[in-house]
2 protein chains.
Amino acid sequence: MSKDTTTEAKIKEAAKRVFTNKGFSGCSSREIAKEAGMNVALVNYYFRSKEQLFNVVFHTVMDDFMLSMKDVFRMKQPLETKVRLFIEREYEFITKHPEIPGFIVSEMNRCEVGDSNKQFIMDEIAETGIFEEMHQAQITGEMRKIDLFSATLILMSNCHFPFIAKGLMQEIHHIDDEKYAQQLVLHKQYVIEMMIGYLFPAKK
Amino acid sequence: MSKDTTTEAKIKEAAKRVFTNKGFSGCSSREIAKEAGMNVALVNYYFRSKEQLFNVVFHTVMDDFMLSMKDVFRMKQPLETKVRLFIEREYEFITKHPEIPGFIVSEMNRCEVGDSNKQFIMDEIAETGIFEEMHQAQITGEMRKIDLFSATLILMSNCHFPFIAKGLMQEIHHIDDEKYAQQLVLHKQYVIEMMIGYLFPAKK
DNA sequence: ATCATTTTTAAACACTTGTTTAAATTTGTT
DNA sequence: AACAAATTTAAACAAGTGTTTAAAAATGAT
């Protein structure tokens, strides 16, 4: 018996679809209930409030987002390979869920996001040992001596922005969804080349 | 007599402050009126609707955003210098108006944004002649042969994302506003180095 | 089958929202 | 000063919002 057919699960999945596309303020409990095919009172029955439902959804989205990232970081592979794989995985995951980076980023700028949802992201990634590896690689000279903040920001900028700014980029370049997806495949190669070339200069 | 003291101007400026921080759905006409110190009915009197007011504000923000960008592109300078100056100007402008890239990007993803607000951005930038310059530079080998889409996307990713993802990055790295600003100064140097190194490889 | 518990339904509630209305006030024109 | 036009004010309106309530229906336990 699949758990995804329970009322609670239906509401949660519907909420995930609606919240990730429209954000917390951009949709109503009634819209979510309609999306789930349920009565609006059930939002409060199962989740106590719209806010609580949002927190549950946000937590779930973050977990999914980080899960396969952590898998890549735990691999026994050279650091440069791991970074390449990380970028590949980001593009792959987000291509399937293009609304997620924008959702996470904008809701993280909202002060109403409950503190309990501000995951201890760094701790979870640190557990994989990736930061130690980066540190060592900088000592041996394999990796450019650049602070962790900038290293992560460079990677995230080039992996997430292309999806976050889809509307704007389509307007700028007058392209439709299909063409956009094609361009991103090519774009990924360029940014891999650029970032790897910069972060691991010794290979040049 | 400064035009900025008229009722219309006061409402517009207040709306700019509120819309850029909270987006269209995240605030109400009453909130904007309160911010302006005016009665809410005046929103409709002067701008006919909340939607129209938003369109006016969006148009203004886009114009400001692009104005100095175009100034840089029109300069009589070598292309590489122009690109450097462009990046400098982006960081400078957005440091003063950190809410703007996130605002533009997220509202551009909203289907409700009026088509009249989808500026013919490309045309305006093309007028500066920058794209011809880039094309020529690719022919002469000065600039990497990379399609325009990816070139613009690389530049925008590394200039805008650091501001858009402020909340997330602060959470990841446990840093406050002041420290974040400091890190961005350093980060700018890294991304200039990376992007210029990639886009203009002949200089290596 | 009976009863207890849980879930669902639909309406109600109090508040918020964008907009409209009508009257009061201010400004402009002669 | 008189009148017209523009602006401002405050209330009203209709619809939407998150939440609560009470009753009906479904499910679980014996």
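Throughout, protein chains are lettered first and strands after them, A, B, ... in sequence-line order, and every chain is numbered starting at 1.
Phosphate contact (OP1/OP2 of D/dG18, side-chain N/O of A/S29, threshold under 4.0 Å): present. For C/dT19, the OP1/OP2 oxygens have a side-chain nitrogen or oxygen of B/N44 closer than 4.0 Å. Between A/T7 and C/dT7 there is no side-chain polar atom (N or O) within less than 4.0 angstrom of OP1 or OP2. Here A/Y46 reaches the OP1 or OP2 of C/dT8: one of its side-chain N or O atoms lies under 4.0 Å away.
Taking the centre of each ring, B/Y180 and A/F149 come in below the 6.0 Å mark. Here the two rings, on A/Y91 and A/F163, have centers that are under 6.0 Å apart.
Regarding B/Y45, its OH atom lies at a distance of 16 Å from the C1' atom of C/dT19, rounded to whole Å. Following rounding to the nearest Å, A/Q52 (CD) and D/dG18 (P) show an atom-to-atom distance of 15 Å. One atom, CZ of A/F47, and another, P of D/dT20, lie 16 Å apart when rounded to the nearest Å. The distance between atom NZ of A/K34 and atom C1' of C/dT8, rounded to the nearest whole Å, is 20 Å. The interatomic distance linking B/M38 (CE) with D/dT8 (C1') rounds to 10 Å, in whole Å. B/F54 places its CZ atom 13 Å from the P atom of C/dG18, with the value rounded to the nearest Å. In this structure, B/K50 atom NZ and C/dT19 atom C1' are separated by 12 Å, rounded to whole Å. If you measure from atom CD1 of A/I11 to atom P of D/dT19, you get 13 Å, rounded to the nearest angstrom.
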Quiz item: Hey, mind stepping through A/D64 and A/K16 against salt bridge (charged side-chain N to carboxylate O under 4.0 Å, His left out) and telling me if it holds?
Solution: CA-CA 12 Å; A/D64 291 345; A/K16 198 194 302 189; 3.7 Å; yes
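Note: A/E193 CD to A/Y190 OH = 8.5 Å, rounded to the nearest 0.5 Å.
Each of C/dT9, D/dT19, D/dT7 was ranked by its minimum atom distance to the side chain of A/N39; first place goes to C/dT9. Closest approach to the A/A41 side chain among D/dT20, C/dT17, C/dT8 is made by D/dT20 (side chain taken as heavy atoms from C-beta onward).
A salt bridge is defined here as a Lys NZ or Arg NE, NH1 or NH2 lying under 4.0 Å from an Asp or Glu carboxylate O, and B/R17 with B/E13 fails to meet this definition.
Within 4.0 Å (heavy atoms only), B/V43 reaches no atom of the nucleic acid at all.
For A/R30 and D/dG18, a side-chain-to-base donor-acceptor distance below 3.5 Å is present, hydrogens and geometry of angles not being considered.
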